[in-house]
Amino acid sequence: MENPIHEAKKELIQWIKEMGELEDIAELLEIKNKKTAVDKVAESPEYAVKDDFDERFARGMTGEELMKKVYTHIDLLPWKEK
């Protein structure tokens, strides 16, 4: 026994394939878009995260600056002599 939902979907697909009126197809697309829009959570623009990776990367430190900081940190560690 086939699932009635699958049978209904097949019938709708066949009906849509045979459609010739652009207005009818546009109406179906509106229904689809309304249905999928409800399923999606809209992100509020005030909470959107700005993608500023390139800006932050440009402000970052160079390899030379990093090595200076590493060596400074190593020199400041409390080493014990044996």
Side-chain angles (χ1 to χ4, degrees):
M1 179 172 197
E2 193 167 337
N3 188 338
I5 293 175
H6 292 297
E7 193 61 39
K9 285 180 180 181
K10 286 180 186 177
E11 187 178 327
L12 282 171
I13 290 169
Q14 188 60 38
W15 177 66
I16 292 170
K17 283 181 181 178
E18 294 171 358
M19 270 186 177
E21 295 295 320
L22 186 59
E23 294 85 22
D24 293 339
I25 295 171
E27 200 173 326
L28 286 173
L29 283 172
E30 272 185 52
I31 293 170
K32 176 192 150 279
N33 290 337
K34 285 179 187 175
K35 185 73 175 160
T36 55
V38 170
D39 295 339
K40 294 180 183 175
V41 175
E43 185 176 297
S44 173
E46 64 191 69
Y47 296 113
V49 177
K50 178 183 171 194
D51 182 17
D52 62 345
F53 174 80
D54 293 329
E55 293 171 21
R56 289 184 291 122
F57 187 81
R59 290 190 310 256
M61 70 174 72
T62 65
E64 291 173 0
E65 291 173 319
L66 173 66
M67 292 311 294
K68 284 181 187 175
K69 287 188 177 223
V70 168
Y71 288 129
T72 302
H73 178 72
I74 290 173
D75 290 338
L76 294 175
L77 289 174
W79 299 102
K80 292 183 181 178
E81 292 187 32
K82 288 189 176 184

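Counting non-hydrogen atoms of other residues, nucleotides and ligands closer than 6.0 Å to CD of E64 gives a total of 12 or fewer. Residue-environment remark: CG (L76) exceeds the threshold of 12 foreign heavy atoms within 6.0 Å. Counting non-hydrogen atoms of neighbouring residues, nucleotides and ligands closer than 6.0 angstrom, the CG atom of D75 exceeds 12 such neighbours.
Interatomic distance, CD of E11 versus CD1 of I16, reported as 11.0 Å (0.5 Å rounding). With rounding to the nearest 0.5 Å, the separation of CZ in R56 from CG in D51 is 8.0 Å. To the nearest 0.5 Å, atoms CG (N3) and NZ (K9) are separated by 8.0 Å.
Within the 4.5 Å cutoff, the side chain of E30 has no heavy atoms near those of the E27 side chain. No side-chain heavy atom of K10 sits under 4.5 Å from any side-chain heavy atom of Q14.
Both L77 and V70 sit in one connected hydrophobic cluster of ILVMFWY residues. Membership requires side-chain heavy atoms under 4.5 Å apart, directly or through other members. Cluster annotation: I74 and L66 are assigned to the same hydrophobic cluster (Ile/Leu/Val/Met/Phe/Trp/Tyr, side-chain heavy-atom contacts under 4.5 Å, transitive).
The two residues L28 and M19 have their closest heavy-atom pair at CD1-CE, 3.5 Å.
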